[in-house]
Structures are given as structure tokens and as C-alpha cells.
Amino acid sequence: MNTSDQLIIFDTTLRDGEQSPGASMNQDEKVRIAKALERLRVDIIEAGFPIASQGDFEAVQAVAAVVQDSRVCALARALDTDIIRASEALKQANASRIHTFIATSKIHMERKLKMTPDMVVEQAVKAVKLARKYTDDVEFSPEDAGRSEFEFLCRVIEAVIAAGARTINVPDTVGYNIPQQFGTLIRRLRERIPNSDQAIFSVHCHNDLGLATANSLAAVLEGARQVECTINGLGERAGNAALEEVVMTVRTRQDLFPCNSRIDTTQIMACSRLVSNITGFPVQPNKAVVGANAFAHESGIHQDGVLKHRETYEIMRAQDVGLSANRMVLGKHSGRHAFKNRLQQLGIDFSIEDELNSAFRRFKELADKKHEIFDEDLQALISDTKLALANERIKLLSLRVCSETGELPNAKVVLMLDGEVRTSNDNGSGPVDAVFRAIEVIVQSQALLKLYLVNAITSGSDAQGEVTVRLEKGGRIVNGQGSDTDILIASAKAYINACNHLMDTDARQHPQIGDV
Ligand code: KIV
Ligand code: ZN
């Protein structure tokens with residue numbers, strides 16, 4: 001594939017995706033997702049915003065150290081401090097990129113940056129030149145390009161290309177554009193800017209009007225050759241363009257698109273589930289490509305058609321997105337070796353023997369309750385094991401719930417809080433309510449429960465339930481997840497997981513808020 005035929009896939013699940021309220025991930029989770037993205041053959045992984053916090057810095061470092069086949073990118077505002085920090089975090093990367101940005105719309109320059117257009121151009125150029133001292137691969141984004149004045153956008157882009165930017169990313173930061181308009185913008189920029197042939201044009205679309213994928217694809221038809229996207233469309237507010245939608249559209253409509261990506265589409269489903277499992281953002285059943293119903297045919301006419309000839313109602317094959325991977329992979333009699341092997345295939349390594357032993361013990365316990373263990377079960381089990389081993393302030397030691405017709409449900413919970421064993425007991429209007437109240441007696445988070453969701457990880461009544469809990473306190477939103485074949489235990493784990501996140505006070509800077 002020559003460069004003009006290749007559509008570069010730039011995944012920003014670990015950066016913009018993490019900006020979804022409550023979707024923060026720890027270092028270990030980011031590394032697991034990065035490995036899954038590498039298996040997916042993503043070209044570039046935006047691993048984070050190193051200046052945001054020490055945790056972000058270390059997570060980018062950890063991703064840079066393990067990823068071999070994808071380029072690892074770090075975000076930096078157009079500031080010396082940010083760029084130097086990004087370059088330090090990327091030191092161990094096999095291939096690295098610094099992505100620097102500054103806002104170019106009138107409203108952002110006047111109201112947020114309080115800078116004149118001349119100052120913005122000067123700062124953008126200075127930032128790109130500094131970034132080029134650390135790497136040849138520098139990407140520049142004029143933030144809020146979708147609402148920027150065209151002539152000014154041309155001026156900034158021409159200047160940063162001359163300064164050494166090799167990718168120009170055009171963000172529709174607030175998801176304001178519509179497809180024809182956005183496609184035209186990309187074409188006009190490429191036509192008007194004299195040195196535009198020295199850079200690859202990229203797009204980064206937000207989904208506020210539900211148009212992120214459509215806008216990205218319209219831009220590709222007009223010459224953009226990089227799309228920035230996220231797994232499951234995760235991202236700030238309504239999210240970013242969904243990787244799976246962009247990739248599968250371009251692949252399915254090769255009659256229209258003059259390019260294609262290198263993505264191994266059979267990894268899409270596994271990656272989607274992993275991201276949903278780690279972030280606690282469930283995938284809606286009717287979500288394109290990765291939703292539970294995406295390949296399910298309900299109506300009799302459709303079922304009949306598909307059985308006679310699949311293409312009557314299906315434009316993609318379920319196997320092509322990795323759906324057939326939902327098969328039994330391990331069972332009660334599987335040994336430690338098979339277990340370890342399967343985890344390695346899923347990109348999960350336990351460097352510490354004790355951790356592997358603990359995961360294997362949990363696997364055996366699960367296999368006793370549920371005789372078919374799928375990849376999805378393993379992913380949930382690993383998240384659970386890692387949580388249990390992590391240095392969390394609150395841990396669940398035991399739970400007993402009584403629920404009987406005509407009686408108020410009661411829960412007795414034993415927790416470890418900061419190393420001390422604590423017991424409590426409470427009633428609730430239902431068993432889940434009783435569990436959460438009993439936990440609250442000890443933890444006293446006083447947070448508001450914003451979301452409670454149960455999802456069966458696989459099919460069958462012996463499936464593990466995966467519970468998502470979203471809590472809000474003082475404007476801060478956190479998600480928690482837990483899984484178990486017993487959904488009350490899964491609920492307790494999810495609530496405790498969310499409380500642990502609330503207690504984590506690693507203060508992060510938001511990349512797009514505040515002064516430059
Ligand atoms: O939406 C946006 O403008 C961004 C930039 C940092 C590229 O996320
Ligand atoms: Zn964004």
C-alpha cells in the first residue's frame with residue numbers, strides 16, 4: 001500500500017477517550033488497552049497527556065515501553081513545559097510522535113487564551129520547532145478548527161508545516177460541522193495552502209450532533225489520510241468518531257474509498273469489550289459494528305433471507321469483526337498452562353508468579369460455577385484479580401444478603417478499610433439498595449448514585465453479571481465495575497470500585513481548559 005492508499009488510524013481512546021466523565025483508567029489498564037490496540041494494528045496510539053499529572057506521565061511511559069509495532073504519541077499544549085514533559089514520557093518508545101495544539105477559533109483565542117491571532121501563530125510555530133528537536137514526527141492541531149476563520153486557519157497551517165509539522169490534524173472540537181461542509185474544508189485547505197503536500201491531513205471529529213463518523217469519512221473522501229478515533233466512540237462529551245465504524249465503512253465501501261487501513265478487523269470485538277469492561281462504559285445493544293444486536297436478526301423475514309443468502313441483509317460478516325471469537329475457550333479441566341497461554345494470546349502477562357497463581361485460583365473457582373469460560377469471562381476475571389491485588393483503600397471481604405417476600409431485604413457486609421476490618425448491616429428497598437447502604441455505613445462517601453447497570457457478560461443463566469456503578473460527588477464523576485456470577489457480589493464490587501476511584505485524588509489538568 002503506498003502512502004496515499006493508506007488510511008492511518010490514530011487511536012485516542014487512552015487520551016480523548018479518557019476525557020469521558022468517569023472513564024479514567026489506571027496505568028495497568030492503559031497498558032492492557034494499548035496492547036489490544038497494537039494487536040488491532042492501530043498505526044498510532046495517543047497514550048495520554050503527560051503534563052496532566054504524574055499518573056498520566058507514568059502511564060505514557062509505561063505504554064511507550066511495551067508497545068513495539070504502533071507509534072506512541074503524547075499530547076502537549078503549545079508550551080515548552082508540555083513538550084519537554086511529553087518528550088520525556090516518550091523516551092523509551094520504539095517510534096514516537098509529539099502532538100501539539102493551540103486553539104485558532106476567534107471565540108477560543110479571545111475568550112479562553114486571551115491571545116491575538118499573531119501571538120497564536122508565533123506560539124504554534126515555536127512549539128512545533130521545539131517538538132522537532134525531540135522527534136521527526138510532529139503533529140499539530142489547530143483546536144476548534146471546525147469553527148475557525150478559513151484564511152487564518154490557512155495561515156497557521158502553512159506556518160507550522162514550514163516549521164516542521166508532518167501531520168496536520170483538523171479537529172471539529174465541538175462537533176459543530178456537517179459532513180459536506182467538513183469534507184469541503186479539508187479539500188479547500190489542501191488546495192489553498194502552498195506547502196500542504198508536505199503534510200498528511202488528519203481529522204478529529206466529536207460527536208455532539210451524532211456526525212463524528214460521517215464527518216471523518218467525508219474528510220477522507222476529500223483527501224484526509226489520517227482519522228483520529230476511539231474504540232466504541234468514547235471521548236469528551238458525546239465522544240469521538242468510533243474506530244470500528246470508520247474502519248468498517250472504509251473496508252466495506254472500497255467501491256467509494258480510494259484508501260484502506262491496516263487494521264486487523266477480527267480484533268475489533270475483543271478490543272471493544274476490553275475498553276467497555278475497563279472504563280465501565282457499556283456498549284449500547286444497537287451500536288453499529290460492536291453492539292450486541294449488530295449481527296442479530298430478529299424479524300422472521302430477515303432471518304429467512306439471511307439463511308437463504310447472508311448478503312440479503314448483511315453487509316459485513318460477523319467473523320470479520322471477530323464475533324465468532326465468542327466460543328468456549330477454557331473449562332473446568334483446563335490446566336495452568338492453557339490458562340496462561342490464553343491470557344498471553346489476549347495480551348495479558350503476569351510478570352509476578354503470585355499474581356498468576358491468584359488469577360488461576362479465581363479461574364478455577366469460576367469454572368466450578370460456570371463450565372464454559374469465554375474470552376470475555378477471562379477479561380472480566382483479570383480485571384477483578386488486578387483490582388483485588390491492587391493497593392486499594394477499600395476491599396470487599398464478605399457479603400451476605402437476605403431477601404424474602406414481604407420482608408425488607410437486608411445486607412451484611414465486611415470490608416477492609418485502610419487496613420482495618422469493618423462490619424455493617426443495613427436494610428434497603430431492594431437487595432442492591434441494601435448492599436449499597438451497608439457499604440455506605442462504613443465508607444461514608446456521601447456520593448450520589450447516577451447510574452446502576454447490570455449486563456450479562458456472555459449468554460446463559462450461569463453467565464457472569466457485569467455491574468457498572470457511576471457516582472458523583474462535588475461535580476466529580478467516577479465509574480466502578482465489578483463482575484461475578486452472583487450479581488449482588490458484582491454490585492458490591494462495582495460500588496466499592498467507584499468509591500476507591502473517588503478516594504483517588506491524583507489531580508489532573510484538563511488539556512483544553514485554562515490558559516496557555
Ligand atoms: O477535540 C480536540 O480539539 C482535541 C485536540 C486536543 C486535538 O482533542
Ligand atoms: Zn478531542
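Side-chain atoms are counted along with the backbone in the values below, which use heavy atoms only and exclude waters and symmetry mates. Both ligands and their constituent atoms are indexed starting at 1 by order of listing.
Here the options are Arg251, Arg41, Glu244, the test is side chain to side chain donor-acceptor pair (under 3.5 Å), and the partner is Thr265; only Arg251 passes.
With respect to atom 6 (C) of ligand 1, the closest heavy atom belonging to the protein is Arg15 NH2, 3.7 Å. Annotation: atom 3 (O) of ligand 1 to nearest protein heavy atom, Thr173 OG1, 2.6 Å.
The Asp16 neighbourhood of ligand 1 comprises atoms 8 (O), with distances under 4.0 Å to a heavy atom of that residue. Of all atoms in ligand 1, numbered sequentially from 1 with element shown, those under 4.0 Å from a heavy atom of His206 are 1 (O).
Between Glu228 and ligand 1, no N or O atom pair is found at a separation short of 3.5 Å. By the 3.5 Å distance cut-off applied to N or O atoms, His99 is not counted among the residues near ligand 1.
Looking at heavy atoms from C-beta onward, Ile348 lies in side-chain contact with Gln379 at the 4.5 angstrom threshold.
Between Asp80 and Lys126, at least one side-chain nitrogen of the basic residue sits less than 4.0 Å from a carboxylate oxygen of the acidic one, meeting the salt-bridge criterion.
Within His206, the N, O or S atom at minimum distance from the Zn ion (ligand 2) carries the name NE2.
Under 2.8 Å from the Zn ion (ligand 2) lies an N/O/S atom of Asp16, whether from backbone or side chain.
Cation-pi geometry between Arg71 and Phe10 is not met: the NZ or CZ atom fails to fall both under 6.0 Å from the ring centre and inside 45° of the normal.
Contact record, Asn479 with Pro21: ND2-O, 4.1 Å, taken as the closest heavy-atom pair.
Summarising the local packing, CD1 of Ile107 is surrounded by 12 or fewer heavy atoms from other residues, nucleotides or ligands at distances under 6.0 Å. Sparse packing is recorded around NZ of Lys106, with 12 or fewer heavy atoms of other residues, nucleotides or ligands lying under 6.0 Å away.
Which of Arg77, Glu143, Gln512 comes nearest to atom 2 (C) of ligand 1 through a heavy atom is settled by distance: it is Gln512.
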